Chemist: 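Here it is, the structure, as structure tokens.
When reading the values below, keep in mind they use all heavy atoms of this one structure, side chains included, and skip hydrogens, waters and symmetry mates. Please read these numbers as outputs of a predicted model, since none were measured by experiment. Whatever order the structure lists them in is the order used to number ligands and atoms, beginning at 1.
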Amino acid sequence: MASNLRYKRVVIKISGESLTHAGERGIGADEVLALAREIQQAARHGVEIAIVIGGGNILRGGQFDAGGRIQEATAHYMGMLATVMNGLALQDALESVGCDTRLMTAIRMDGVAEPFIRRRARRHLQKGRIVILAAGTGSPFVTTDTAATLRALELEADIVLKATQVDGVYSEDPKKNPHAVLYSQLTFSNVLERNLGVMDPTAIAQCMEHDMPIMVFNYHKPGNIERAVLGEKIGTLVASQRHLQAASS
Ligand code: UDP
């Protein structure tokens, strides 16, 4: 690994919607392949990459309305299974562009993927494999944002890179207000106090407690995943005051 790299190990949180055409549901082969190419570009520098994949392109448990006939917990498990489908698609696409990968799931699914075992995941990363983490945390009522921060902590990653459809964190929804201000950096407290929709509050609180920085960036711009992995200043850095001061000095 080149010694001048800013990060040794990162966790990238990628939403399910990145695997499909804007506004559509399911999995689009072209979109998955385009994403895989962007990740492959980023991976060639030698930074260890774990990807937590979402499932919102297929199903989000909290939004699934079955009129009370399907329990909410069940719907969350369905959402976790959706992330496994996405993980399988992303794994094959990454391998088709020459990446060495492992898919690990938080819910055991022998025959489909390896179970997530922290030490084994770390070993894969050390060997230069891209580790795709699916099935979230394995527990209902949270989202893959929380899975991403949890895995970043236990894998001792340097940062969580949250890939989104906008350039970072704004004062308001930029799709609704064109005058919304884009922040270059924020503390965790800023995010929680101003109720900015960066990630789930549980995920933010977890990062705040353990001083794990988050960088929110736009994955739609070609080359941005690579820039994020290399630690370039794109998007919004959310971190502790101490971390932000060190980053700007
Ligand atoms: N989910 C869950 N526990 C987890 C992670 C995910 O129950 O640890 C469920 C939850 O219902 C969530 C769905 O899986 O809505 C899909 O994940 P998510 O919404 O995070 O996907 P994304 O929006 O990132 O595509």
Chemist: With a 4.5 Å cut-off on side-chain heavy atoms, are Met78 and Phe64 touching?
Modeler: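 Yes, their side chains come closer than 4.5 Å.
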Chemist: Kindly give the cluster partners of Val181, where membership spreads through any ILVMFWY side chain lying under 4.5 Å from a current member.
Modeler: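 Members alongside Val181: none; it stands by itself.
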Chemist: Are a donor atom and an acceptor atom from the side chains of Gln126 and Arg123 found within less than 3.5 Å of each other?
Modeler: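 Per modelled atom types, Gln126 and Arg123 side chains form a pair under 3.5 Å.
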Chemist: Applying side-chain hydrogen bond (donor to acceptor under 3.5 Å, both in side chains), can you list everything that pairs with Gln206, at least two apart in sequence or on another chain?
Modeler: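 For Gln206 the side-chain hydrogen bond (donor to acceptor under 3.5 Å, both in side chains) partners, ignoring immediate neighbours, are Thr149.
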Chemist: Using a 4.5 Å cut-off between side-chain heavy atoms of Ile, Leu, Val, Met, Phe, Trp and Tyr, which other residues end up in the same hydrophobic cluster as Val160?
Modeler: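 So far as hydrophobic clustering goes, Val160 is joined with Leu153, Val169, Tyr183, Leu186, Phe188, Val191, Leu192, Leu196, Val198, Met199, Ile204, Met208, Met212, Ile214, Val216, Val238.
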Chemist: Hydrophobic clustering (ILVMFWY, side-chain heavy atoms < 4.5 Å, transitive) - are Leu90 and Ile58 grouped together?
Modeler: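 Yes.
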Chemist: Please list, by chain and number, the protein residues whose heavy atoms come under 4.0 Å of ligand 1.
Modeler: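 Ligand 1 pocket, heavy atoms under 4.0 Å: Lys13, Ser15, Gly16, Gly54, Gly55, Gly56, Leu59, Arg60, Gly61, His76, Gly79, Met80, Gly136, Thr137, Ser139, Pro140, Phe141, Val142, Thr143, Thr144.
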